[in-house]
Amino acid sequence: MAEVNRRRFFQLAGATAAFSALSASIERAAALPANHRSGTIEDVEHIVVLMQENRSFDHYFGRLRGVRGFGDPHPVSLDDGRSVWHQRTADGTEVLPFHPQADDLGMQFLEGLPHGWPDGQDAYHNGKYDRWLPAKGTTTMAYLTREDIPFHYALADTFTVCDAYHCSFIGSTDPNRYYLWSGHTGNDGAGGGPVLGNDELGYDWTTYPERLQEAGVSWKVYQDTGDGLDAAGGWGWIDDPYRGNYGDNSLLYFNKYRDAKPGDPLYDKARTGTDAKSGEGYFDRLRADVKAGKLPKVSWIASPEAFSEHSNWPSNYGAWYISQVLDALTSNPAVWAKTALFITYDENDGFFDHLVPPLPPKSAAQGRSTVDVSLDVFGGSGSHREGFYGLGPRVPMLVVSPWSKGGFVCSETFDHTSVIRFMERRFGVREPQISPWRRAICGDLTSAFDFSRTDSRPARLPDTDAYEPPDRERHPDYRPVPPADPGMPRQERGARPARPLRYAPHVDGAVDAAGKFTLAFASGPKAGAAFLVTSGNRTDGPWTYTTEAGKGIADTWNPAYSSGSYDLTVHGPNGFLRVFRGTAEAGTAETEAGTAGSESGSGAAGCEVTARHAGDDLRLTLTNNGTGTVRLRVGNAYGGRSRTLAVRPGATVRHTVDLAGSRRWYDLTVTCASDPAFLRRFAGHVENGRPGVSDPALVTD
């Protein structure tokens, strides 16, 4: 299909012939085999990044089947014991996620929300994550469905969606885009940083395109230059929201780009684009480069405001724009066969997402890390309060390529620096400004691909013609009203194939000789992990812990501050969960009905239970350091027969749980009838290097 140029832009609304051509083009390209010269990342010759605006993962994909959305079986609990979904306004009114009742929600101009540094830190509340409504307003809990944004859902069902991809920064657009383009936001204080808002004052630290240029790796920014220059000397903030780049080419806020002249690569590759005065359409230059086989090794695309999916513009204007990008990239099947397209969002606007992001410990009192976190904690200044730089809330990430077909979910922890790290892996150009902490916990996006796969199933994407703007107006904001009787939404029925991950974390808990409770964290040999610890009987948490791959760390809680008991929950990557409850003092022996022979049942205060991956199964090790025999019951939330195991004093019992029926997912509880305070819970997924399926417990519909 010929690109929709300016003269034809408003003539095709509702037309079906145009989409038929578009759909056929994409289907043909998706059916072609990928470049399989080596079966590795080396087969990727072009990386294209389209970063849109201001949507959270739950806001877009909370109902999508097979992702960690509204059906999450073990969300974080707040201090008052309610799940994280139960947010309250300042006056105590509870608001759960809700679907606005507007007609054609995907075409609504939904109101924008606060999304700066102060309100972001307020919502996080030092990791308690319980002040979203006072900080953001009730629209923060609004979400869309498949019926509202069918094109986005179809992309997820056809290619790969990442459900643990976070924006990099708790705040606004520019700092998040600086992470995308340079690995940080000036965190070290050099070059005009740190930048915590959309100040756009002119900065001097090095960007990743400069490093690519020095290494001889071709790159380019594709954008519309609109009808004129903005005040900063770059194209963007012009009067017509249907032209320009909405200021989203954040390279133009760096002095080297501002000062560049024609003939300088920083000018020619970052400050030029389509020009409305010449009659060029939005995608003319991108399409021309693709057809001519001149697409650079690395490309970024900055869309005009109206198509950016900023919350006060319709989501489906963005769907139309994405479809046009896909059409341009697939216009030359030989180029598409070598291309990886990343579609993501710079930040969440003010929209809620329930998955508490990995956070660095602010101090020794709030956690520990095996890796330096100094570049990820802001100590405060005269203009900005102290806080976490990030990670920010989850945002959508769709990996669209010939190597990512199949409707997979990838649940490795990522952020915007992961995009740079994918480029690092492919082209060998390292970005030194990515912090050690982010490198420890965020992947490089290679797990979202299968470079050995030869799946040639064609992709079928829905019509987007009706999403073209019917006029050039900026319509009034729509402000949804939460329902008077809130209730949790239900997630779509059905599983989703899951990409294999490198995670093998474990956390062990035990009462020491002094009566204190210690947790030992380990990430496993291949991937680092971040852990969040909350307490059911203390309010001085939460606590955060980071372990690099192959390393461990420990911390201790004194039950004397919680009436002699402990109640700690540990959350980790990809649904990893551990719960430890009990009392620190020795249990009182008592006869337990059903014990074998003359054995006596005793309290479980002296018991330790650990869980380890064992092939495709899970092995529990139950140790009794007490003075009486303890009978421990092992229950399985995924079905299967429960077991009661007698553990004599000083003995150890090993019990292997077969996970074939639950596709290597597990959710086990260990309890003791003679000690009701005692509980251990182990939930997560056993990785074996092969693809799996999404968590069966996510199915709620």
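Since we're looking at a predicted model, the values are computed, not measured. Hydrogens, waters and symmetry mates are skipped; everything else that's a heavy atom, side chains included, is used.
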- prompt: What's the spacing between Asn348 CG and Phe57 CZ if we round to 0.5 Å?
  reply: 13.5 Å
- line: Here the gap from Arg421 atom CZ to Asp444 atom CG, rounded to the nearest 0.5 Å, amounts to 5.5 Å
- prompt: In terms of side-chain geometry, is the basic nitrogen of Asp157 or Arg65 positioned less than 4.0 Å from the acidic oxygen of its partner?
  reply: yes
message: Can you confirm if the aromatic rings of Tyr143 and Phe352 lie within a centre distance of less than 6.0 Å?
response: no
task: Could you tell me whether the side chain of Arg63 and the main chain of Pro489 form a donor-acceptor pair under 3.5 Å?
output: no
task: Output, in order, the C-alpha distance, side-chain angles, deciding distance and verdict of side chain to side chain donor-acceptor pair (under 3.5 Å) for Ser303 and Gln52.
output: CA-CA 7 Å; Ser303 60; Gln52 296 286 77; 2.8 Å; yes
task: Could you check if a side-chain atom of Cys162 sits within less than 4.5 angstrom of a side-chain atom of Val399, using non-hydrogen atoms only?
output: yes
- prompt: Between Asp268 and Lys220, is there a side-chain N and carboxylate O pair less than 4.0 Å apart?
  reply: no
- prompt: Okay, side chain of Gln491, backbone of Leu64: is any donor-acceptor separation there less than 3.5 Å?
  reply: yes
- prompt: Can you find a side-chain donor-acceptor pair between Asn176 and Ser168 that sits under 3.5 Å?
  reply: no
message: Using modelled atom types and a 3.5 Å cut-off, is there a donor and acceptor pairing between side-chain atoms of Thr140 and backbone atoms of Gly137?
response: no
field: Main-chain N/O of Ala164 paired with Arg68 side-chain donor or acceptor, under 3.5 Å
entry: no
query: Under 30°, 30 to 60°, or over 60°: which ring-plane class applies to Trp320 and Tyr282, parallel, tilted or perpendicular?
result: perpendicular
task: Mark yes or no for whether Asp264, through its side chain, and Lys261, through its backbone, hold a donor-acceptor pair below 3.5 Å.
output: no
query: Has the side chain of His166 got a donor or acceptor atom that lies under 3.5 Å from a matching backbone atom of Gly392?
result: yes
field: Shortest non-hydrogen separation from Pro100 to Ala142 and the atoms involved
entry: CG-CB, 3.8 Å
- prompt: Side chains of Glu309 and Ser315: donor-acceptor distance under 3.5 Å anywhere?
  reply: no
query: Are Asp284 and Thr274 close enough that a side-chain donor and a side-chain acceptor fall under 3.5 Å?
result: no
- prompt: If you measure from the Lys or Arg side-chain nitrogens to the Asp or Glu carboxylate oxygens, is any gap between Asp119 and Lys136 under 4.0 Å?
  reply: yes
Check ion pair Arg394-Asp353 (N to O, under 4.0 angstrom): yes
- request: Mind telling me whether Tyr317 and Phe307 have parallel, tilted or perpendicular rings, with 30° and 60° as the class edges?
  value: tilted
- prompt: Please walk me through it: do Asn312 and Tyr478 pass side chain to side chain donor-acceptor pair (under 3.5 Å)?
  reply: CA-CA 8 Å; Asn312 52 10; Tyr478 163 59; over 6 Å; no
field: Working for side chain to side chain donor-acceptor pair (under 3.5 Å), residues Trp313 and Ser308
entry: CA-CA 8 Å; Trp313 286 92; Ser308 69; 5.9 Å; no
- prompt: Taking the side chain from Asp58 and the backbone from His354, do they hold a donor-acceptor pair closer than 3.5 Å?
  reply: yes
For Cys167 against Asp415, the heavy-atom pair lying closest together: O-CB, 4.4 Å
task: Taking the side chain as every heavy atom from C-beta outward, state whether Tyr222 and Ile301 have any atom pair closer than 4.5 Å.
output: yes
message: Below 30° counts as parallel, above 60° as perpendicular, anything between as tilted: where do the rings of Phe254 and Tyr178 land?
response: perpendicular
- request: Decide yes or no for Val400 and Leu329: does some side-chain heavy atom of the first lie under 4.5 Å from some side-chain heavy atom of the second?
  value: no
- request: Mark yes or no for whether Glu305, through its side chain, and His310, through its backbone, hold a donor-acceptor pair below 3.5 Å.
  value: no
message: Using every non-hydrogen atom in the two residues, find where Ala156 and Val161 come nearest and quote the distance to one decimal.
response: CB-CB, 4.0 Å
- prompt: Once you round to the nearest 0.5 Å, how far does CD of Glu45 lie from CG of Leu295?
  reply: 10.5 Å
query: Hey, is Glu111 close enough to Arg479 for a salt bridge, meaning N to O under 4.0 Å?
result: yes
- prompt: Just how far is it from atom CZ of Phe414 to atom SG of Cys442, taken to the nearest 0.5 Å?
  reply: 9.0 Å
message: We want to know whether Thr207 and Tyr257 form a side-chain donor-acceptor pair, criterion being a heavy-atom distance below 3.5 angstrom.
response: yes
- request: Could you please spell out the steps behind the ring pair (Phe, Tyr, Trp, His ring centres under 6.0 Å) verdict for Phe61 and Tyr153?
  value: CA-CA 8 Å; Phe61 290 138; Tyr153 271 60; 5.4 Å; yes
- prompt: Rounded to the nearest 0.5 Å, how far apart are CD of Glu424 and OG1 of Thr417?
  reply: 8.5 Å
- prompt: Can you check whether Thr206 reaches Arg211 side chain to side chain, under 4.5 Å on heavy atoms?
  reply: yes
- request: Over all heavy atoms of both residues, which pair between Ala135 and Asp122 is shortest? Give the atoms and the distance, please.
  value: CB-CB, 3.9 Å
Among Asp346, Asn198, Thr185, the one residue meeting side-chain contact (heavy atoms from CB on, under 4.5 Å) with Asp174: Asn198
message: Check this for me, if you would: do Lys338 and Asp43 make a salt bridge, where the nitrogen-to-carboxylate-oxygen distance has to be below 4.0 angstrom?
response: no
Evaluation steps, salt bridge (Lys or Arg N to Asp or Glu O under 4.0 Å), between Arg287 and Asp327: CA-CA 8 Å; Arg287 180 185 294 275; Asp327 187 45; 2.8 Å; yes
task: Give a yes or no on whether the ring-centroid distance for Phe351 and His59 is below 6.0 angstrom.
output: yes
statement: So CG of Leu326 and CG of Leu341: to nearest 0.5 Å the spacing works out to 6.0 Å
message: To check you understand the geometry: which heavy-atom pair defines the closest contact between Leu133 and Thr138, and what is its length?
response: CD2-CA, 3.8 Å
- prompt: Side chains of Tyr321 and Leu50: closer than 4.5 Å at any heavy-atom pair?
  reply: yes
query: With no hydrogens and no angle check, do the side chains of His184 and Tyr389 hold a donor and an acceptor under 3.5 Å apart?
result: no
- request: Evaluate the ring planes of Phe422 and Phe449, with Trp represented by its six-membered ring, and classify them as parallel (under 30°), tilted (30 to 60°) or perpendicular (over 60°).
  value: parallel
task: Kindly indicate whether the side chain of Phe342, heavy atoms from C-beta on, has any atom under 4.5 Å from the side chain of Val48.
output: no
- request: Walk me through it: do Glu347 and Thr173 pass the test side chain to side chain donor-acceptor pair (under 3.5 Å)?
  value: CA-CA 6 Å; Glu347 33 101 348; Thr173 288; 3.1 Å; yes
field: No-hydrogen, no-angle side-chain donor-acceptor test under 3.5 Å, Asp148 and His99
entry: yes
query: Can you name the closest pair of heavy atoms from Gln223 and Ala270 and give their distance?
result: NE2-O, 2.8 Å
task: Check the side chains of Tyr253 and Arg177 for a donor-acceptor pair under 3.5 angstrom, ignoring hydrogens and angles.
output: no
- request: Could you check whether the rings of Trp300 and Trp219 sit parallel, tilted or perpendicular, using 30° and 60° as the cut-offs?
  value: perpendicular
- request: State whether Phe408 and Arg499 meet the cation-pi test: NZ (Lys) or CZ (Arg) under 6.0 Å from the six-membered ring centroid, and within 45° of the perpendicular axis.
  value: yes
message: Can a donor-acceptor pair be found, under 3.5 Å and without considering hydrogens, that links the side chain of Arg55 to the backbone of Tyr60?
response: no
message: Tell me whether Thr158 contacts the main-chain N or O of Gly407 through its side chain, where contact means a donor paired with an acceptor under 3.5 Å.
response: no
